[in-house]
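Here the structure comes first, spelled out in structure tokens, and everything after it is commentary.
This structure is a prediction, so every number in the text was calculated from the model and none was measured. The sequence lines fix the lettering, A, B, ..., with proteins before strands; numbering per chain opens at 1.
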There are 2 protein chains.
Amino acid sequence: MTPVIQGKVRRNDEDAIGCGDGNTYYRVVLTVPARTSPASAATSRDVAKAANVSQALVSRAFSGNGRIAPETRDRILKVAAEIGWRPNALAASMVTGDAPLVSVITTRLSFDWRAQVLSHLLKAFEAWHLQPLLFYAESDREVDRLLAETISWRTRGVVVTAGVVPEARAEAILSRGQFLAALNRPGNHPEAFSIATDNPIGGRQAATVLLGEGRGRFLALAGPEDSWASSRRVDGFVDGLGQAGHQPMVWHNATMTTEAGLACADRLLALPPNERPDGVFSTNDAIALGFIDGLRGSGMTIPQDLSIIGFDNLPASSWTPYQLTSFEQPLDAMVLGVLDHIHAHQQPEAAQPPSAPEAHRLGADGVIYCAPRLVLRQTTRGQL
Amino acid sequence: MTPVIQGKVRRNDEDAIGCGDGNTYYRVVLTVPARTSPASAATSRDVAKAANVSQALVSRAFSGNGRIAPETRDRILKVAAEIGWRPNALAASMVTGDAPLVSVITTRLSFDWRAQVLSHLLKAFEAWHLQPLLFYAESDREVDRLLAETISWRTRGVVVTAGVVPEARAEAILSRGQFLAALNRPGNHPEAFSIATDNPIGGRQAATVLLGEGRGRFLALAGPEDSWASSRRVDGFVDGLGQAGHQPMVWHNATMTTEAGLACADRLLALPPNERPDGVFSTNDAIALGFIDGLRGSGMTIPQDLSIIGFDNLPASSWTPYQLTSFEQPLDAMVLGVLDHIHAHQQPEAAQPPSAPEAHRLGADGVIYCAPRLVLRQTTRGQL
DNA sequence: ATGAAAGCGCTAACAT
DNA sequence: ATGTTAGCGCTTTCAT
């Protein structure tokens, strides 16, 4: 079949746009005629009629619940396929009071860890026949509103990967029997599930590495002060250094981007050489990568003059010009943990220990902390 | 409120895991008691009872359809908020035969263009109060199956950002009145909406730039042969060079990753110096970035010995060590186009010209092509 | 301005 | 093994 546009194309010559590429573009309006028959959606009743059975049998043919003769089943399935009918999951959820739907709160998928999180989550949901309904928060302030909108869809629960969960909202969600799973942030409720990278440990390990190199002036490149993960990483770093009698400078950044990293490099270079830190821990890789770029051409060399450790282990961190020592977040373990929780929520009787194979500890705040994995590269010279 | 875990923590000492970080991790099993009341979900009837009105009024209070006294409305809204009730969108869709749901087919969100696409789409949906239901395809082979699963949810239509849409499937979707929007791929049906980057134009422009520099030996770093976008970019490149009497080598790669780019660099370096291409067009930035890294330390300098142009304009392409000349895909225009189509689909009578401000042309294949934007950086020395 | 009642497309309990 | 029936929680006529 050759796809042929059968609509009318309206081309306004006054809308011609030259692009300097030797081509002329037009604003084009394509009008495709609507289908003659608005396709009144088929129902199980239509299938039943066509297969000469009762409507209930159609339901049974697809669900597998209740008795049905195999040959009847096959006939129904064949007829349904011809008509192009599948059970309406929305209608089914009316009756059963449950749809295999999960709400997911996410935010801008920039060049960072978030896209990876979402990707892993989506893959896991697909594997478990859970349908993710996405709620996009442009800023953290919108998260609570989205959490509220979530309830219109009567999903099994909500996975939060952005912003903070207000206590009252957590209670509201849990009290209607939904699960609440917070990824890399506190759940703010005793019954919420929360799993996160062990940020303080990462910070402490970073301190250990830098101290082991004999560094003496330390700097933490942090995110916003209200960023939970970043703050915890700094806490651990401060802690680890403190035990050795050191204390780092902490530079906060409004955004955790490469641009912020470049600015931090400028700030460092503005210091008198003898006051410049030589042991830097960045609470994410994006800042660290920008920082490294900002130091290029300044005469400062890594790791001779300065060591730097990042967090996230982005793909770019292993690229030739960076070779950034970093922490890999235990993404698989965390996603596994979330799915374990969802299953346990669905079948409380069959509750089994979480299958996450990674090491983890339970914090006093109810958060399950999974250890990050240190990936040593060329921006440090130490061994653990 | 201090979050206090009230469940029992079971700690198996035999599961102790040392991590070499001075901490000991345990596999921890946390048992939180189930809520005493399984929270039988509230319904509009509960709200009605509490507000001393009929159930129908509750519906009117929220929908705004039908007459209702303002004070009654306020009372109902207040009561509903106390109870924590919101209209069940699934139930509503039963009656109205329509839910503000959109299916989105996506795939692995790796370090590439896809995360950006999804991010923009999600943001647009949020702005238009459309709820995206995500379908994740680990490989292109799964796309058709997901397309079929899509129909269980009676969404308004489906946006495809991965894989190919079989003609029969397109027809099945469209025949039930759903829209079908393909992003950066053909819709394979006259009534499907398809919008894509003008890949051939990009390829041709790349040729123009490289020819303008006086390059004489050309190479295209391509993706798999069945990649629609990559192939069209190569087509344009071959075309543009052909008009000047040149012909490039074309190296196909199974994956369009930095790793593939590194391998291509090795392949180039294995050629005798006088046979090496000096004008390279990569059909995506990831390959180009890997290629640049692969050339480091080889003695070949960019853009003296060799120019390279990528496609996608990834964030990393503007980083100091790369400064890659590239094409920015007209993402905003494409997403806008998709949303225009969805609106037109919903209200055919109010059909209005697409609001995408970018230049675009209508291909003979029914695809709306939006011009990419050339971003000149340091891996080329030419001017357009 | 409000209420009563029908019914969306299904599943599940019950009857045959 | 199959059919009949009663809803699920809403929106929407239609009455009052």
For the student: nearest non-hydrogen atoms of [X] and [Y], plus distance:
X	Y	result
Asp144(B)	Pro166(B)	OD1-CG, 3.4 Å
Ile83(A)	Ala50(A)	CD1-CB, 4.1 Å
Leu109(A)	Ser119(B)	N-OG, 3.1 Å

If you compare every side-chain N and O of Thr72(A) against the phosphate oxygens of dT2(D) (OP1, OP2), does one of them come in below 4.0 Å?
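Result: yes.
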I need a per-nucleotide contact map over nucleotides 8-16 of chain C, read 5' to 3'. Cutoff is protein heavy atoms under 4.0 Å; write B for the base, S for backbone only, - otherwise.
BBBBBB---
To the nearest angstrom, how far is [X] atom [atom1] from [N] atom [atom2]?
X	N	atom1	atom2	answer
Leu57(B)	dG9(D)	CG	P	19 Å
Ile68(B)	dT12(D)	CD1	C1'	14 Å
Arg67(B)	dT12(D)	CZ	P	15 Å
Arg176(A)	dG9(D)	CZ	P	14 Å

Given Arg156(A), which partner from the list Gln346(A), Gln131(A), Gln178(A) fulfils the side chain to side chain contact (heavy atoms under 4.5 Å, CB included) test?
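Going through the options one by one, the only one that passes is Gln346(A).
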Aromatic ring pairing His345(A)/Phe179(A), orientation class (parallel under 30°, perpendicular over 60°, tilted between):
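Because their plane-to-plane angle is over 60°, the rings of His345(A) and Phe179(A) count as perpendicular.
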Quick one: do the His189(B) and Glu171(B) side chains pair a donor with an acceptor below 3.5 Å?
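Side-chain D/A pair, His189(B) to Glu171(B): present.
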Ignoring hydrogens and angles, tell me if any N or O in the side chain of Asn188(A) forms a donor-acceptor pair with the backbone of Glu167(A) under 3.5 Å.
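Flag not set: sc Asn188(A) to bb Glu167(A) has no pair under 3.5 Å.
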Does any N or O in the side chain of Thr161(A) come within less than 3.5 Å of the main-chain N or O of Ile105(A), such that one atom is a donor and the other an acceptor?
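Yes, because the side chain of Thr161(A) sits within donor-acceptor range (under 3.5 Å) of the backbone of Ile105(A).
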Degree of bending, the helix from dA1(C)-dT16(D) to dT16(C)-dA1(D) (end axes from five pairs; round to 10°)
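Axis-to-axis angle, ends of the helix: 40°.
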